[in-house]
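Working notes, beginning with the structure itself.
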Amino acid sequence: MRPTTITKLNTGAQLSHSVFAQARDWIECARSVAVLTGAGISAESGIPTFRGPGGLWNNYRPEDLATPQAFARDPKLVWEWYDMRRQRVAAAQPNAGHRALAKLESHAPNFTLITQNVDGLHRAAGNRNIIELHGNLWLLRCVSCGRQEENRCVPLSPLPPQCTCGGLMRPGVVWFGEALPADAIRLAVLAAEKCDVFLVCGTSAVVYPAASLPERAIAAGAHVIEVNLEKTPFSQFAHISLRGKCGELLPRIIRVPPFPEPVI
Ligand code: OAD
(Lines give C-alpha, C1' and ligand atoms only; values in the text may rest on other atoms or scores of the structure.)
Protein backbone atom coordinates (compact mmCIF):
# COMPACT_ATOMS: atom_id res chain seq x y z
CA MET A 1 0.00 0.00 0.00
CA ARG A 2 1.15 3.51 -0.76
CA PRO A 3 2.32 5.45 2.35
CA THR A 4 -0.08 8.19 3.29
CA THR A 5 1.63 9.91 6.20
CA ILE A 6 3.40 13.04 5.05
CA THR A 7 5.98 13.93 7.67
CA LYS A 8 7.77 17.23 7.21
CA LEU A 9 11.38 16.46 7.98
CA ASN A 10 13.31 19.10 6.10
CA THR A 11 16.59 19.11 7.93
CA GLY A 12 18.45 22.25 6.94
CA ALA A 13 21.94 22.08 8.36
CA GLN A 14 20.93 19.71 11.16
CA LEU A 15 21.19 16.06 10.17
CA SER A 16 19.58 14.23 13.03
CA HIS A 17 19.76 10.49 13.49
CA SER A 18 15.99 10.11 13.32
CA VAL A 19 15.84 11.74 9.88
CA PHE A 20 18.29 9.16 8.52
CA ALA A 21 16.34 6.39 10.22
CA GLN A 22 13.10 7.66 8.66
CA ALA A 23 14.66 7.88 5.19
CA ARG A 24 16.09 4.36 5.51
CA ASP A 25 12.78 3.05 6.72
CA TRP A 26 10.84 4.52 3.79
CA ILE A 27 13.38 3.12 1.32
CA GLU A 28 13.42 -0.34 2.91
CA CYS A 29 9.63 -0.56 3.03
CA ALA A 30 9.05 0.71 -0.51
CA ARG A 31 7.70 -1.65 -3.14
CA SER A 32 8.74 0.74 -5.87
CA VAL A 33 11.60 3.24 -5.84
CA ALA A 34 12.36 5.88 -8.46
CA VAL A 35 15.42 8.13 -8.48
CA LEU A 36 16.17 11.35 -10.35
CA THR A 37 19.83 12.27 -10.58
CA GLY A 38 21.64 15.36 -11.83
CA ALA A 39 25.19 16.54 -12.31
CA GLY A 40 25.83 16.72 -8.55
CA ILE A 41 26.02 12.94 -8.21
CA SER A 42 28.95 12.84 -10.65
CA ALA A 43 30.77 15.80 -9.06
CA GLU A 44 32.65 13.48 -6.70
CA SER A 45 33.87 11.58 -9.77
CA GLY A 46 35.55 14.78 -10.96
CA ILE A 47 32.93 15.79 -13.53
CA PRO A 48 31.92 19.45 -13.35
CA THR A 49 28.30 20.42 -12.67
CA PHE A 50 26.52 23.03 -14.83
CA ARG A 51 25.62 25.62 -12.22
CA GLY A 52 27.25 26.75 -8.98
CA PRO A 53 30.99 27.04 -8.23
CA GLY A 54 33.08 25.56 -11.07
CA GLY A 55 29.92 24.93 -13.11
CA LEU A 56 30.23 24.63 -16.91
CA TRP A 57 27.68 27.39 -17.53
CA ASN A 58 29.87 29.85 -15.62
CA ASN A 59 32.57 29.56 -18.28
CA TYR A 60 30.63 28.61 -21.41
CA ARG A 61 27.41 29.90 -22.97
CA PRO A 62 24.85 27.18 -23.72
CA GLU A 63 23.71 29.08 -26.83
CA ASP A 64 27.26 28.76 -28.28
CA LEU A 65 27.63 25.04 -27.58
CA ALA A 66 24.41 23.24 -26.76
CA THR A 67 21.78 24.23 -29.30
CA PRO A 68 20.98 22.98 -32.84
CA GLN A 69 21.73 26.52 -34.07
CA ALA A 70 25.21 26.48 -32.52
CA PHE A 71 25.92 23.14 -34.23
CA ALA A 72 24.69 24.42 -37.60
CA ARG A 73 26.90 27.51 -37.20
CA ASP A 74 30.11 25.83 -36.03
CA PRO A 75 30.01 22.03 -35.71
CA LYS A 76 33.77 21.83 -35.05
CA LEU A 77 33.57 24.18 -32.06
CA VAL A 78 30.62 22.28 -30.61
CA TRP A 79 32.41 18.96 -31.10
CA GLU A 80 35.61 20.26 -29.48
CA TRP A 81 33.60 21.05 -26.36
CA TYR A 82 31.90 17.66 -26.32
CA ASP A 83 35.21 15.92 -27.03
CA MET A 84 36.72 17.68 -24.02
CA ARG A 85 33.81 16.48 -21.88
CA ARG A 86 34.11 12.93 -23.28
CA GLN A 87 37.81 12.86 -22.38
CA ARG A 88 37.04 13.96 -18.85
CA VAL A 89 34.31 11.35 -18.40
CA ALA A 90 36.49 8.61 -19.93
CA ALA A 91 38.98 9.18 -17.11
CA ALA A 92 36.28 9.10 -14.40
CA GLN A 93 34.99 6.26 -12.24
CA PRO A 94 31.61 5.85 -10.52
CA ASN A 95 31.70 7.06 -6.91
CA ALA A 96 30.09 5.89 -3.68
CA GLY A 97 26.81 7.66 -4.57
CA HIS A 98 26.53 5.83 -7.91
CA ARG A 99 27.42 2.54 -6.20
CA ALA A 100 24.76 3.01 -3.50
CA LEU A 101 22.09 3.44 -6.20
CA ALA A 102 23.35 0.34 -8.02
CA LYS A 103 23.06 -1.59 -4.77
CA LEU A 104 19.54 -0.27 -4.30
CA GLU A 105 18.48 -1.47 -7.76
CA SER A 106 19.84 -4.94 -7.06
CA HIS A 107 17.58 -5.27 -4.01
CA ALA A 108 14.47 -3.18 -4.70
CA PRO A 109 11.40 -5.00 -6.06
CA ASN A 110 10.80 -2.21 -8.61
CA PHE A 111 13.43 0.35 -9.40
CA THR A 112 13.82 3.07 -12.02
CA LEU A 113 16.77 5.39 -12.30
CA ILE A 114 15.99 8.58 -14.20
CA THR A 115 19.03 10.69 -14.97
CA GLN A 116 19.70 14.04 -16.57
CA ASN A 117 23.36 13.06 -16.81
CA VAL A 118 24.95 12.09 -20.10
CA ASP A 119 28.11 10.55 -18.64
CA GLY A 120 27.02 6.89 -18.46
CA LEU A 121 28.40 6.48 -14.90
CA HIS A 122 25.20 4.91 -13.54
CA ARG A 123 25.53 2.05 -16.05
CA ALA A 124 29.23 1.75 -15.21
CA ALA A 125 28.27 1.45 -11.53
CA GLY A 126 25.86 -1.42 -12.27
CA ASN A 127 22.42 0.17 -12.67
CA ARG A 128 20.40 -1.34 -15.51
CA ASN A 129 16.90 0.17 -15.51
CA ILE A 130 18.07 3.64 -16.53
CA ILE A 131 16.16 6.37 -18.32
CA GLU A 132 18.54 8.90 -19.84
CA LEU A 133 16.42 12.01 -20.27
CA HIS A 134 19.16 14.08 -21.90
CA GLY A 135 20.85 11.36 -23.97
CA ASN A 136 24.39 10.04 -23.69
CA LEU A 137 27.83 11.46 -24.51
CA TRP A 138 28.91 8.17 -26.06
CA LEU A 139 26.17 8.18 -28.69
CA LEU A 140 26.59 9.86 -32.07
CA ARG A 141 23.67 10.55 -34.42
CA CYS A 142 23.74 11.53 -38.09
CA VAL A 143 21.93 14.80 -38.78
CA SER A 144 21.20 13.64 -42.37
CA CYS A 145 20.09 9.98 -42.19
CA GLY A 146 19.44 9.67 -38.42
CA ARG A 147 21.76 6.66 -38.01
CA GLN A 148 22.94 6.30 -34.42
CA GLU A 149 26.11 4.63 -33.19
CA GLU A 150 27.98 4.14 -29.94
CA ASN A 151 31.48 5.57 -30.15
CA ARG A 152 33.87 5.60 -27.19
CA CYS A 153 36.97 6.91 -28.98
CA VAL A 154 38.76 9.64 -27.06
CA PRO A 155 39.87 11.94 -28.46
CA LEU A 156 37.52 11.80 -31.43
CA SER A 157 39.27 12.42 -34.73
CA PRO A 158 38.62 14.01 -37.15
CA LEU A 159 36.21 16.63 -35.82
CA PRO A 160 33.41 16.92 -36.72
CA PRO A 161 32.89 13.17 -37.29
CA GLN A 162 31.10 12.06 -40.45
CA CYS A 163 28.49 9.38 -41.04
CA THR A 164 28.94 6.64 -43.65
CA CYS A 165 26.25 8.49 -45.67
CA GLY A 166 28.48 11.59 -45.77
CA GLY A 167 26.32 13.59 -43.32
CA LEU A 168 27.60 15.16 -40.10
CA MET A 169 27.39 13.20 -36.86
CA ARG A 170 26.20 15.16 -33.82
CA PRO A 171 26.43 14.24 -30.12
CA GLY A 172 23.52 12.01 -29.07
CA VAL A 173 22.40 14.42 -26.37
CA VAL A 174 19.41 16.71 -25.95
CA TRP A 175 20.17 20.36 -26.61
CA PHE A 176 18.38 23.48 -25.44
CA GLY A 177 15.25 24.03 -27.49
CA GLU A 178 14.91 20.32 -28.31
CA ALA A 179 12.25 17.93 -27.05
CA LEU A 180 13.21 15.10 -24.74
CA PRO A 181 12.93 11.59 -26.25
CA ALA A 182 9.18 10.87 -26.05
CA ASP A 183 9.57 7.37 -24.60
CA ALA A 184 12.07 8.53 -21.99
CA ILE A 185 9.83 11.22 -20.53
CA ARG A 186 6.72 9.00 -20.73
CA LEU A 187 8.43 6.19 -18.79
CA ALA A 188 9.93 8.67 -16.32
CA VAL A 189 6.51 10.15 -15.55
CA LEU A 190 5.09 6.65 -15.12
CA ALA A 191 7.88 5.71 -12.68
CA ALA A 192 7.44 8.96 -10.71
CA GLU A 193 3.70 8.44 -10.42
CA LYS A 194 3.78 4.79 -9.36
CA CYS A 195 6.66 4.79 -6.88
CA ASP A 196 6.39 4.79 -3.09
CA VAL A 197 9.71 6.57 -2.62
CA PHE A 198 11.29 9.09 -4.97
CA LEU A 199 14.92 10.12 -4.43
CA VAL A 200 16.14 13.42 -5.91
CA CYS A 201 19.95 13.41 -5.98
CA GLY A 202 22.36 16.17 -6.96
CA THR A 203 20.14 18.24 -9.20
CA SER A 204 19.43 21.96 -9.01
CA ALA A 205 15.85 21.08 -10.00
CA VAL A 206 15.51 24.04 -12.33
CA VAL A 207 15.44 22.39 -15.76
CA TYR A 208 12.02 21.20 -16.91
CA PRO A 209 10.50 18.75 -17.62
CA ALA A 210 12.90 16.75 -15.41
CA ALA A 211 12.24 19.12 -12.50
CA SER A 212 8.51 18.33 -12.66
CA LEU A 213 9.08 14.64 -11.81
CA PRO A 214 9.52 15.06 -8.02
CA GLU A 215 6.40 17.27 -8.00
CA ARG A 216 4.47 14.52 -9.80
CA ALA A 217 5.74 11.93 -7.33
CA ILE A 218 4.53 14.01 -4.39
CA ALA A 219 1.15 14.59 -6.01
CA ALA A 220 0.81 10.83 -6.50
CA GLY A 221 1.53 10.16 -2.81
CA ALA A 222 5.19 9.11 -2.78
CA HIS A 223 7.64 10.04 -0.05
CA VAL A 224 10.26 12.27 -1.62
CA ILE A 225 13.80 12.50 -0.28
CA GLU A 226 16.22 15.08 -1.63
CA VAL A 227 20.01 14.80 -1.31
CA ASN A 228 21.92 17.93 -2.30
CA LEU A 229 24.86 19.99 -1.12
CA GLU A 230 22.62 23.05 -1.13
CA LYS A 231 19.03 24.14 -0.79
CA THR A 232 17.18 24.03 -4.14
CA PRO A 233 13.83 25.42 -5.30
CA PHE A 234 12.43 21.93 -4.61
CA SER A 235 13.81 21.56 -1.05
CA GLN A 236 10.79 23.12 0.61
CA PHE A 237 8.49 20.50 -0.95
CA ALA A 238 10.58 17.40 -0.18
CA HIS A 239 9.48 15.34 2.80
CA ILE A 240 13.12 14.94 3.74
CA SER A 241 15.83 17.24 2.41
CA LEU A 242 19.36 16.20 3.31
CA ARG A 243 22.27 18.59 2.80
CA GLY A 244 25.56 16.98 1.91
CA LYS A 245 27.38 14.97 -0.71
CA CYS A 246 25.64 12.14 -2.53
CA GLY A 247 28.71 9.96 -2.03
CA GLU A 248 28.43 10.35 1.73
CA LEU A 249 24.68 10.52 2.30
CA LEU A 250 23.34 7.90 -0.13
CA PRO A 251 25.33 5.05 1.47
CA ARG A 252 23.88 6.16 4.83
CA ILE A 253 20.24 5.97 3.73
CA ILE A 254 20.52 2.98 1.40
CA ARG A 255 20.98 0.06 3.70
CA VAL A 256 19.49 -2.99 2.02
CA PRO A 257 18.00 -5.63 2.31
CA PRO A 258 15.30 -6.31 3.58
CA PHE A 259 12.67 -5.33 1.04
CA PRO A 260 9.11 -6.67 0.97
CA GLU A 261 8.23 -9.47 -1.43
CA PRO A 262 6.86 -8.11 -4.71
CA VAL A 263 3.07 -8.29 -4.97
CA ILE A 264 2.07 -10.49 -7.91
P1 OAD B 1 23.25 21.60 -12.00
O2 OAD B 1 24.66 21.93 -12.26
O3 OAD B 1 22.21 22.57 -12.38
O4 OAD B 1 23.05 21.29 -10.46
C5 OAD B 1 23.90 20.44 -9.74
C6 OAD B 1 23.36 20.31 -8.34
O7 OAD B 1 24.14 19.36 -7.66
C8 OAD B 1 23.40 21.60 -7.51
O9 OAD B 1 22.13 21.77 -6.89
C10 OAD B 1 24.49 21.33 -6.45
O11 OAD B 1 24.20 21.93 -5.21
C12 OAD B 1 24.45 19.83 -6.36
N13 OAD B 1 25.70 19.17 -5.98
C14 OAD B 1 26.96 19.46 -6.39
N15 OAD B 1 27.83 18.56 -5.90
C16 OAD B 1 27.11 17.68 -5.18
C17 OAD B 1 27.43 16.49 -4.44
N18 OAD B 1 28.68 16.01 -4.34
N19 OAD B 1 26.42 15.84 -3.81
C20 OAD B 1 25.14 16.31 -3.87
N21 OAD B 1 24.78 17.41 -4.56
C22 OAD B 1 25.75 18.08 -5.21
O23 OAD B 1 22.99 20.16 -12.68
P24 OAD B 1 21.60 19.51 -13.12
O25 OAD B 1 20.55 19.75 -12.12
O26 OAD B 1 21.91 18.11 -13.48
O27 OAD B 1 20.97 19.99 -19.43
O28 OAD B 1 21.28 20.32 -14.44
C29 OAD B 1 20.17 19.96 -15.19
C30 OAD B 1 20.45 20.17 -16.65
O31 OAD B 1 20.91 21.52 -16.88
C32 OAD B 1 21.57 19.33 -17.21
O33 OAD B 1 21.17 18.02 -17.57
C34 OAD B 1 21.99 20.11 -18.42
C35 OAD B 1 22.02 21.48 -17.80
O36 OAD B 1 21.87 22.55 -18.67
C37 OAD B 1 21.28 19.97 -20.73
O38 OAD B 1 22.43 20.06 -21.13
C39 OAD B 1 20.10 19.83 -21.65
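Every value quoted in this text rests on a predicted model; they were computed, and no experiment measured them.
Under the 4.5 Å side-chain criterion, counting only non-hydrogen atoms from C-beta, Leu242 is in contact with Phe20. With contacts defined as side-chain heavy-atom distances shorter than 4.5 Å, the pair Leu133/Thr115 does not qualify. Counting heavy atoms from C-beta outward, Leu199 and Ile253 have side chains that approach closer than 4.5 Å. The shortest side-chain heavy-atom distance between Cys201 and Val35 falls under the 4.5 Å cut-off. Side-chain contact between Phe71 and Leu77: absent, with no pair of heavy atoms (C-beta onward) separated by less than 4.5 Å. Between Arg73 and Val78 the shortest side-chain heavy-atom distance does not fall below 4.5 Å. Side-chain contact between Leu140 and Gln148 is absent, with no heavy atoms from C-beta onward closer than 4.5 Å. In this structure the side chain of Leu121 reaches within 4.5 angstrom of the side chain of Ile47, judged on heavy atoms.
The pair Glu105-Arg128 fails the salt-bridge criterion, with no side-chain N (NZ, NE, NH1 or NH2) lying under 4.0 Å from an Asp/Glu carboxylate O. Salt-bridge annotation for Arg252 and Glu248: absent, with no side-chain N of the basic residue lying under 4.0 Å from a carboxylate O of the acidic one. Salt-bridge formation is not detected for the pair Lys245/Glu230: no Lys NZ or Arg NE/NH1/NH2 atom is positioned less than 4.0 Å from an Asp or Glu carboxylate oxygen.
A cation-pi arrangement is present between Arg170 and Trp175, with the terminal nitrogen or guanidinium carbon under 6.0 Å from the aromatic centre and inside a 45° cone about the axis. Note that Arg61 lies outside the cation-pi zone of Trp57, set by a 6.0 Å cut-off to the ring centre and a 45° limit from the axis.
Among all heavy-atom pairs drawn from Ile114 and Ala191, the shortest one is CD1-CB, 4.4 Å. In terms of heavy atoms, Val118 sits closest to Gly135 at CG1-O, 3.4 Å. Nearest heavy-atom pair, Ala210 versus Leu36, reported as atom, atom and distance to 0.1 Å: O-CD2, 3.6 Å. Nearest heavy atoms, Ala102 versus Ala125: CB-O, 3.3 Å. Nearest approach of Cys165 to Cys145, heavy atoms of both residues: SG-SG, 3.8 Å. Here the closest non-hydrogen pair linking Gly120 and Glu132 is CA-OE2, 4.4 Å.
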Would Arg123 and Ile130 satisfy side chain to side chain contact (heavy atoms under 4.5 Å, CB included), going step by step from the backbone distance to the final call? CA-CA 8 Å; Arg123 187 164 298 278; Ile130 305 170; 3.9 Å; yes
For Val227 and Val200, run side chain to side chain contact (heavy atoms under 4.5 Å, CB included): C-alpha distance rounded to whole Å, both residues' side-chain angles, the deciding distance at 0.1 Å, then the answer. CA-CA 6 Å; Val227 178; Val200 190; over 6 Å; no
Side chain to side chain contact (heavy atoms under 4.5 Å, CB included) between Leu101 and Leu250, worked out: CA-CA 8 Å; Leu101 294 177; Leu250 287 175; 4.1 Å; yes
Would you please test Phe176 and Glu63 for side chain to side chain contact (heavy atoms under 4.5 Å, CB included) and show each step? CA-CA 8 Å; Phe176 287 93; Glu63 53 272 44; over 6 Å; no
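Linking Ile, Leu, Val, Met, Phe, Trp and Tyr whenever their side-chain heavy atoms come within less than 4.5 Å puts Trp138 and Leu168 in one cluster. Under the 4.5 Å side-chain heavy-atom criterion for Ile, Leu, Val, Met, Phe, Trp and Tyr, Leu139 and Leu159 are members of distinct hydrophobic clusters. At a threshold of 4.5 Å between side-chain heavy atoms, the hydrophobic network of Ile, Leu, Val, Met, Phe, Trp and Tyr places Val19 and Leu229 in two separate groups. Val174 and Tyr82 fall into different hydrophobic clusters, defined by Ile, Leu, Val, Met, Phe, Trp and Tyr side-chain heavy atoms under 4.5 Å apart, directly or through other members. Both Leu137 and Val143 are part of a single hydrophobic cluster, where members link through side-chain heavy atoms under 4.5 Å apart.
The closest donor-acceptor contact from the side chain of Asn129 to the backbone of Phe111 lies under 3.5 Å. Under a 3.5 Å cut-off, the side chain of Asn58 and the backbone N or O of Gly52 do form a donor-acceptor pair. With hydrogens and angles disregarded, a donor-acceptor distance shorter than 3.5 Å links the side chain of Asn110 to the backbone of Arg31. No donor-acceptor distance shorter than 3.5 angstrom exists from the side chain of Ser42 to the backbone of Ser45, with no hydrogens or angles considered. Checking side-chain atoms of Asn127 against main-chain N and O of Leu113 turns up no donor-acceptor pair under 3.5 Å. Judged by distance alone, the side chain of Trp79 and the main-chain N or O of Met169 form a donor-acceptor pair under 3.5 Å. Side-chain atoms of Asp196 never come within 3.5 Å of backbone atoms of Ala222 as a donor-acceptor pair (strictly under, hydrogens ignored). Side chain of Arg141 to main chain of Glu149: no donor-acceptor pair is present (N/O by atom type, distance under 3.5 Å, no hydrogens or angles). Between the Asn151 side chain and the Cys153 main chain, a donor and an acceptor come within less than 3.5 Å of each other. Under a 3.5 Å cut-off, the side chain of Ser212 and the backbone N or O of Pro209 do form a donor-acceptor pair.
Leu190 contributes atom CG, which lies 6.5 Å from atom CG of Leu187 (distance to the nearest 0.5 angstrom). Taking CG of Asp119 as the reference point, atom NE2 of His134 lies at 13.0 Å (rounded to 0.5 Å). Expressed to the nearest 0.5 Å, how far CD of Glu44 lies from SG of Cys246 amounts to 6.5 Å. The line from CG of Leu56 to CZ of Arg85 is 6.0 Å long, rounded to the nearest 0.5 Å. To the nearest 0.5 Å, atoms NE2 (His98) and CD1 (Ile41) are separated by 5.0 Å. Atom CD1 in Ile131 sits 11.0 Å away from atom CG in Leu180 (nearest 0.5 Å).
Using modelled atom types, one finds no donor on one side chain facing an acceptor on the other under 3.5 Å when comparing Arg51 with Thr49. Defined by atom type and a distance below 3.5 Å, a donor-acceptor pair is present between the side-chain atoms of Glu226 and Ser235. In this model, a donor atom of one side chain and an acceptor atom of the other lie less than 3.5 Å apart for Gln116 and Thr203.
Partners of Arg88 according to the side-chain contact (heavy atoms from CB on, under 4.5 Å) rule, which considers only residues two or more places apart in sequence or in another chain, are Pro48.
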